[in-house]
Protein chains: 2
Amino acid sequence: MATFEGMEQVKSAISRYVDLTEAQWEQVLPLWKERSFDKKEVITASGDVERWFSIVKEGVQRIYFEFDGQEACIGFAYGGSWSGIFDSFVTQAPSRFVLQAVTPSVLLSIEHTDLQRLYGSVPQLERFGRLMLEEVFVGRAVREIEQLTMPAQERYDRLMDRSPHLLQLVPQKDIASYLGMSAETFSRLRAQK
Amino acid sequence: MATFEGMEQVKSAISRYVDLTEAQWEQVLPLWKERSFDKKEVITASGDVERWFSIVKEGVQRIYFEFDGQEACIGFAYGGSWSGIFDSFVTQAPSRFVLQAVTPSVLLSIEHTDLQRLYGSVPQLERFGRLMLEEVFVGRAVREIEQLTMPAQERYDRLMDRSPHLLQLVPQKDIASYLGMSAETFSRLRAQK
DNA sequence: AAACGCACTTGACCTGCATCAAGAACGCTC
DNA sequence: GAGCGTTCTTGATGCAGGTCAAGTGCGTTT
């Protein structure tokens, strides 16, 4: 079970979407667990079915895809945001992606089966489930649109606006990969500022 | 309500995922409606919330995104496959995409509210809902991975393997856009075969 | 503190694909 | 079936960004 601060963080994250009664919180909160990972530890491997939906308590994680020796970074998760392989979590099909801790990380997680059961006993949670899924969908769609319609330069600018701290937290090569450009191009873009 | 053939098609599409009793079919089938669209008619506009989940009875549709005068094609739907703006349908948030009939189209559709209600009264349908969502997710992820990791040539080959008939059905410029290349490049790739 | 590895920078080169442009071949409409 | 718009082809040109290579700095290990 999560620590006291952990439970508080889960409560405040969910509270942004729905109000629950004290009795309901007592059903919801005990199901969340605290999970810790070392730097570079793989949290969910390719081929695994994602069992957990998580809120990031500490650290940064990345989602990437492997193909003939290369890696393509698909997304990041950090303080306060959701973490996990959402498509695999939702569909309970094996993931083709890897979730890895970039920095030492602590996640507050709930199991798929527990969440499903909660949907039955605490109907308001459905709204939470829908809205967090919406955020994930929108995030993916925004990235897809940006990749399709913007040059490297502009994609860089936008990411720096949205997540200026990211640069301090993760290797530049991962950000470059996320933006769909080589590490060299990324470096050059930074230089001319 | 749908025609007799329409209901048969809905039944066989759902039957691939779950078995229902006759009594259950009688709850499910009457909620599906037949909707017809002219060539080039917009089915779901940008900004709309997607109300419908559909099975394609006839015709081809495309999903695209508009930005400063350009269009980026995100996907196609045709005979037997699902159609709709799935992320907007699932999240009930306004769509940033457009769904348009490329050829005259007939869709067999169920409303979001009706489907939600059915999940309550026919629990087996949840499985259907999950599996069709899985297909959509997987389709999106496959395309994302292909865009990221393959040169234009190979993306072209793969699409032609997967959907050889597509070329007869929709303008080449839309396929080119879907593959993330210019119409000219697409034309040249075809020529050298 | 020496030594190794890894991330980052910078330069030179090269190429895949976009863009521009101009013609050919289809549909539609009247 | 004449005319017009739209789609498709083909050629010429240009450039964004990938690749290769060599060097620099830093954090870790021993």
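So that the names make sense, note that chain A is the first sequence line, chain B the second, and so on, each numbered from 1. Only heavy atoms go into these numbers, but all of them, side chains included; no hydrogens, no water, no symmetry mates. As the structure is a prediction and not an experimental result, all values here were calculated from the model.
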Quantify the bending of the helix from C/dA1-D/dT30 to C/dA22-D/dT9 as the angle between its end axes, each fitted on five pairs, to 10°. 40°
Give the rounded distance in Å between these two atoms: OH of A/Tyr156 and C1' of D/dA16. 18 Å
When the nearest nucleotide of DNA chain C is assigned to B/Glu184 and to A/Ala183 on a heavy-atom basis, which residue is associated with the more 5' position? A/Ala183
On the nucleotide D/dG18, are OP1 or OP2 found under 4.0 Å from the side-chain N or O atoms that A/Thr185 carries? yes
Of the nucleotides C/dT19, D/dT9, D/dT7, which has the atom closest to the B/Pro171 side chain? D/dT7
Calculate the interatomic distance between B/Lys39 atom NZ and D/dT6 atom C1'; express it in whole Å. 11 Å
B/Gln124 and B/Gln24: side-chain donor and acceptor closer than 3.5 Å? yes
Interatomic distance, B/Gln153 CD vs C/dG16 P [rounded to whole Å]: 11 Å
So, is B/Arg188 close to the D/dT10 phosphate, meaning a side-chain N or O under 4.0 Å from OP1 or OP2? no
Could you tell me which non-hydrogen atom of B/Thr103 sits nearest to which non-hydrogen atom of B/Ser105, and how far apart they are? O-OG, 2.7 Å
Is it the case that the side chains of A/Ser54 and A/Ser83 hold a donor-acceptor pair, with the cut-off being a distance below 3.5 Å and no angle test? no
Between P on C/dT9 and CD on A/Gln192, what's the gap in Å once rounded to a whole number? 13 Å
In terms of hydrophobic clustering (I, L, V, M, F, W, Y; side-chain heavy atoms under 4.5 Å; direct or indirect links), are B/Val60 and B/Val98 co-clustered? no
Of the listed nucleotides C/dA18, C/dT9, D/dG18, the one nearest the side chain of A/Met181: D/dG18
Does a donor on one side chain sit under 3.5 Å from an acceptor on the other, for A/Thr44 and A/Glu50? yes
Rounded to the nearest Å, what distance is computed from the CZ atom of residue A/Phe186 to the C1' atom of nucleotide C/dT10? 16 Å
Round to the nearest Å and state the distance from A/Lys173 atom NZ to C/dC6 atom P. 10 Å
Checking side-chain polar atoms at under 3.5 Å, does A/Gln27 have a donor or acceptor matched by the opposite partner on A/Ser121? yes
